[in-house]
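These notes are about the structure you will find just below.
Worth saying up front: this structure is predicted, and the values here are computed from it rather than measured. Note that these values count all heavy atoms, side chains included, but never hydrogens, waters or copies made by symmetry.
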Amino acid sequence: MTAAATPAASPATTGEQPGVRLARSRRNAELSLLLLAMVLVAAYGATVEATMLDTVTPDFWIPAAALGAVFLGLHLVIRFLAPFADPALLPAVALLNGLGVGFLRRLDLDEAAPAAREGLAVFAGTGGRQLAWTLVSVMLAAGLLVLMRDHRSVSRYAYTLGLAGIVLVMIPAVLPRRFSEINGAKLWIKFGESFSIQPGEFAKLALLVFFAYYLVRKREVLSLASRRFLGIDFPRGRDLGPVVVVWLISLLVLVFEKDLGTSLLYFGMFVVTLYIATERVSWLLIGLVLFFGGAYLAYVLGDLVGGPFANFYLRAQIWLDPFADPHNDGYQLVQGLLALGTGGLFGAGPGGGQPGLLPEVQNDFIFAGLGEEIGLFGLSALLVIYLLIVERGLRAALAVRDSFGKLVAGGLAFTLGLQVFVIVGGISKLIPLTGQTTPFLSAGGSSLMANWLLIAVLLRISDGARRPVTGGGAPARPSGGPPEQLHGAPTEVIRP
């Protein structure tokens with residue numbers, strides 16, 4: 001007699017819904033990747049100590065453990081409040097953030113006296129401050145997930161956020177130089193000598209929400225074509241108004257805040273969001289012509305007139321030939337190029353380089369400092385992680401069912417990628433140097449908080465995009481969230 005085969009347990013017999021199993025599997029995958037990321041961060045810290053101290057201290061694991069506890073808290077918030085969110089976003093960002101903290105602690109060890117290095121406190125120096133800022137930033141991201149149960153609810157405050165974004169952009173431009181200028185760029189609000197914030201980092205989030213809300217409502221008008229040229233449909237002249245306005249604002253940022261990167265970031269964010277909304281290649285072409293035309297005009301005026309255009313002209317001259325004055329104006333860029341060249345393919349190893357020779361290595365040039373120690377292969381791995389985050393954001397934009405969410409997710413993902421391009425392009429002499437920070441790596445609370453908020457929005461949108469569809473054809477509503485149809489919120493779908 002043969003025993004009857006025991007049937008496999010089904011969702012009906014176990015009482016577990018398929019959506020619950022799917023959410024649990026994604027969160028378990030996220031937890032496993034998060035633990036792996038923290039192991040890599042701890043290994044990096046141990047390698048730095050072995051190189052610089054010729055020993056590994058018993059406390060090498062504490063920074064990675066502190067970061068792991070912080071990220072685990074956010075993981076638990078996601079598990080309960082955004083269970084269907086993309087499982088790769090948090091581990092990828094946590095790895096970048098952890099490596100940034102580890103490299104900044106490596107700089108602290110380099111600056112400390114040799115006898116005091118082994119006893120350097122975990123929360124001391126720039127690395128310790130970055131660890132504290134990480135705690136604050138992750139708490140803000142968790143708070144945003146708690147407050148924003150549905151991404152479409154933000155559209156109710158679109159005009160308020162748009163106005164707030166413009167104010168945040170313009171504040172450094174109107175402040176006196178002693179309150180806003182660092183290294184030639186007026187991007188900051190300084191409070192004394194030791195504390196400053198960069199309001200433009202938060203402005204990009206507020207402005208993108210407004211852009212998305214505005215473009216959803218004007219999409220049909222902006223999609224109309226007036227004439228066809230070289231196989232491309234160009235918009236009507238009277239529809240160019242919004243693009244011209246944003247172009248003028250970006251030029252004002254370029255001239256009065258003296259920073260090409262911020263100007264490019266805002267204008268590129270708007271033009272790409274416009275392209276996602278209308279699917280018109282002509283908007284990209286018009287945006288490129290307007291931006292590069294405006295930048296060239298500022299360069300010419302800087303040569304002929306000077307004044308507010310002089311800083312951009314100087315940066316362009318350094319970009320064209322940094323070795324013309326390698327010990328003064330071109331010193332920073334030259335040292336960055338030498339660091340990248342010294343690193344070669346594999347680098348000098350964590351802790352084996354000389355990042356202290358690089359001015360602002362903890363901020364603008366952290367990518368070059370890392371490149372000297374981890375080489376081209378290591379930098380390529382970091383860029384792949386950034387690419388993964390951008391790809392996951394774009395995937396959420398494709399999958400979410402409402403137009404507003406598509407534009408916000410697509411715009412945020414592109415903005416993050418563009419910011420990485422701007423800073424890496426500057427240190428590698430592809431474009432003029434900018435005042436942008438490398439997301440999640442560079443020291444500074446403003447950039448870290450703003451970018452973690454960006455990730456929180458992407459997590460919320462990806463949760464809505466991946467949430468199983470109910471029998472009525474609508475995604476299952478998150479617990480405690482607002483109704484699917486919000487008053488005044490866009491629901492039509494943009495066709496890919």
Just how far is it from atom [atom1] of [X] to atom [atom2] of [Y], taken to the nearest 0.5 Å?
X: L53; Y: T57; atom1: CG; atom2: OG1; result: 7.0 Å
X: I455; Y: L416; atom1: CD1; atom2: CG; result: 6.0 Å
X: L454; Y: F440; atom1: CG; atom2: CZ; result: 6.5 Å
X: L161; Y: L205; atom1: CG; atom2: CG; result: 9.5 Å
X: Q130; Y: L441; atom1: CD; atom2: CG; result: 9.0 Å
X: L430; Y: W319; atom1: CG; atom2: CH2; result: 8.0 Å

Looking at [X] and [Y], would you say the former's side chain and the latter's main chain have a donor-acceptor pair under 3.5 Å?
X: D402; Y: G405; answer: yes
X: E373; Y: G353; answer: yes
X: K406; Y: R401; answer: no
X: S446; Y: Q198; answer: yes

Is any NZ, NE, NH1 or NH2 atom of the basic residue among [X] and [Y] found under 4.0 Å from an Asp or Glu carboxylate oxygen of the other?
X: R460; Y: D463; value: yes
X: E49; Y: R117; value: no
X: D86; Y: R395; value: no

What heavy-atom pair brings [X] and [Y] nearest, and what distance separates the two atoms?
X: I189; Y: P199; answer: CD1-CG, 3.9 Å
X: L333; Y: K429; answer: CD2-CG, 4.3 Å
X: L168; Y: P172; answer: O-CD, 3.4 Å
X: A92; Y: I389; answer: CB-CG1, 3.8 Å
X: S153; Y: M148; answer: OG-CG, 4.1 Å
X: I374; Y: L379; answer: CD1-N, 3.8 Å

Is [Y] close to [X] at the side-chain level, that is, under 4.5 Å between some pair of heavy atoms?
X: V361; Y: F103; answer: yes
X: V169; Y: L207; answer: yes
X: L448; Y: N97; answer: yes
X: L433; Y: D364; answer: no
X: P359; Y: F365; answer: no
X: R106; Y: P350; answer: no
X: F367; Y: V420; answer: no
X: D325; Y: N328; answer: yes

Pairing residues for N363 by the side chain to side chain donor-acceptor pair (under 3.5 Å) criterion, not counting sequence neighbours: E360
V272/I276 under side-chain contact (heavy atoms from CB on, under 4.5 Å): CA gap, chis, key distance, verdict: CA-CA 6 Å; V272 168; I276 296 173; 4.1 Å; yes
Full working for side-chain contact (heavy atoms from CB on, under 4.5 Å) between I366 and L104: CA-CA 9 Å; I366 194 170; L104 293 174; 4.2 Å; yes
Mutual orientation of the aromatic rings belonging to F291 and F267 [parallel < 30°, tilted 30-60°, perpendicular > 60°]: parallel
Aromatic plane relationship, F211 with F270 - under 30° parallel, 30 to 60° tilted, over 60° perpendicular: perpendicular
Output field: ring centroids Y159/Y213 closer than 6.0 Å: yes
Please table the atom pairs, donor to acceptor, closer than 3.5 Å between any side-chain atom in residues 138-146 and protein atoms at least two apart or in another chain.
none

Side-chain donor-acceptor contacts of residues 65-75 below 3.5 Å, not counting sequence neighbours, with atom names and distances?
from	atom 1	to	atom 2	distance (Å)
H75	ND1	E30	OE1	2.6
H75	NE2	R79	NE	3.3
H75	NE2	R79	NH2	3.3

Check: T437/S442 side-chain N/O donor and acceptor closer than 3.5 Å: no
Distance-only polar pair, side chains of N451 and S447, donor-acceptor under 3.5 Å: yes
Partner of R105 under side chain to side chain contact (heavy atoms under 4.5 Å, CB included), chosen from L120, V48, T126, D110: L120
Worked verdict on K204 versus L265 for side-chain contact (heavy atoms from CB on, under 4.5 Å): CA-CA 8 Å; K204 66 185 180 186; L265 194 66; 4.2 Å; yes
Q354 atom CD, neighbour heavy-atom count above 12 within 6.0 Å: no
